[in-house]
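This one's a predicted model, so the numbers in the text were calculated from it and none came from an experiment. Atoms within a ligand are numbered from 1 in the order they appear, just like the ligands themselves.
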Amino acid sequence: MNIAVFASGNGSNFQAIADAVKAGRIKANLALLVCDNPQAYVLERAKKTGTEVFLAERKNFKDKSGLEAAIIKEVEKKKIGLIVLAGYMRLLSPAFVSRYKNKILNIHPALLPAFKGTEGIKDAFEYGAKIAGPTVHFVDEQTDHGPIVMQAAVMVDDDDTEETLAGKIHEQEHRIYPEAVRLFVEGKLKIAGRKVIIVRRQNGRQH
Ligand code: GRF
């Protein structure tokens with residue numbers, strides 16, 4: 001399977017997935033990085049890992065649908081079977097999402113459905129949550145909403161700052177996102193309504 005990562009910033013999750021592909025833990029090709037920000041550090045990472053980049057800058061297109069049409073062209077050309085959103089700061093249109101229904105994953109740095117939006121870590125910290133952590137979910141037409149694949153919990157300690165909490169959450173992201181991608185690639189994620197079932201087979205039996 002060919003996979004594409006969409007990212008706008010640092011790209012530490014891109015890196016975690018690229019490393020898992022390289023190590024053979026994810027049996028897929030990291031065929032494409034779609035990035036909307038020419039300053040993003042993820043572009044350096046893509047260069048180092050030899051990943052092809054499609055720079056999709058909004059200003060180069062008349063409107064959002066023009067931008068998405070160009071992205072779709074790339075995605076089709078590369079025969080992408082899974083789109084992995086990893087800090088992609090642009091909302092995908094309902095048309096884009098429905099075209100790749102159940103083929104787009106996202107990671108959010110809070111325990112959904114709490115603290116949706118772009119400041120998940122800050123919001124959880126300021127709210128005084130005692131447990132925080134990232135969520136990997138399928139993308140549907142609503143933001144931070146689709147069926148949950150995996151979550152990880154971290155304790156918020158009294159001496160945590162927003163930065164130290166972010167460090168703990170990112171560490172868990174880098175563990176669970178490659179794992180969720182691996183399960184998808186191996187055909188082990190089954191969506192049943194809002195629930196995602198992880199299919200584990202042994203001796204041909206499901207258990
Ligand atoms: C992560 O915290 C992720 O949960 C959120 O955006 C951030 C991306 O970080 N969606 P990075 O660019 O992968 O380092």
* Run down the list G87, G11, A40, A16 and name the one with the heavy atom closest to atom 12 (O) of ligand 1. =>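 Considering heavy atoms of G87, G11, A40, A16, the nearest to atom 12 (O) of ligand 1 sits in G11.
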
* To do: Considering heavy atoms of the protein only, find what lies nearest to atom 5 (C) of ligand 1 and give residue, atom and distance to 0.1 Å.
  =>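 For atom 5 (C) of ligand 1, the nearest protein heavy atom comes out as I107 O, 3.8 Å.
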
* Structure fact -> atom 9 (O) of ligand 1 sits nearest the protein heavy atom N13 ND2, 3.8 Å

* Are I176 and I191 grouped together when hydrophobic residues (ILVMFWY) are joined by side-chain heavy atoms under 4.5 angstrom apart? -> yes

* Any chain of hydrophobic side-chain contacts (each under 4.5 Å) joining F96 to L82? ->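 No, no single cluster joins them.
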
* What atoms in ligand 1 come closer than 4.0 Å to a heavy atom of N10? ->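 In order of numbering, the contacting atoms are 12 (O), 14 (O).
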
* Ligand-side contact atoms (ligand 1) for residue partner S12, heavy atom cut-off under 4.0 Å ->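 Ligand 1 atoms under the 4.0 Å threshold to S12: 11 (P), 12 (O), 13 (O), 14 (O).
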
* To do: Examine E173 against ligand 1 and note whether any of their N/O atoms are separated by less than 3.5 Å.
  =>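 N/O-N/O distance under 3.5 Å: yes.
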
* Do any nitrogen or oxygen atoms of G9 come within less than 3.5 Å of a nitrogen or oxygen of ligand 1? -> no

* D158, CG atom: more than 12 neighbouring heavy atoms under 6.0 Å ->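 12 or below, so no.
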
* To do: Might you confirm whether atom NZ of K64 has over 12 heavy atoms from other residues, nucleotides or ligands at distances under 6.0 Å?
  => yes

* State, to 0.1 Å, how close A110 and G120 come at their nearest heavy-atom pair, and which atoms those are. => CB-O, 4.1 Å

* Between S8 and N37, does any side-chain donor sit less than 3.5 Å from a side-chain acceptor? -> no

* To do: Indicate whether any N or O donor in one side chain lies under 3.5 Å from an N or O acceptor in the other, for H174 and S12.
  =>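 Looking only at side-chain atoms, S12 and H174 do form a donor-acceptor pair, the distance falling under 3.5 Å.
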
* To do: Measure the distances from the heavy atoms of H170 to every atom of ligand 1 and state whether one is below 4.0 angstrom.
  =>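 H170: in contact with ligand 1 (<4.0 Å).
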
* Tell me, please: is P134 in heavy-atom contact with ligand 1, that is, under 4.0 Å? =>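 Judged by the 4.0 Å heavy-atom criterion, P134 does not count as contacting ligand 1.
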
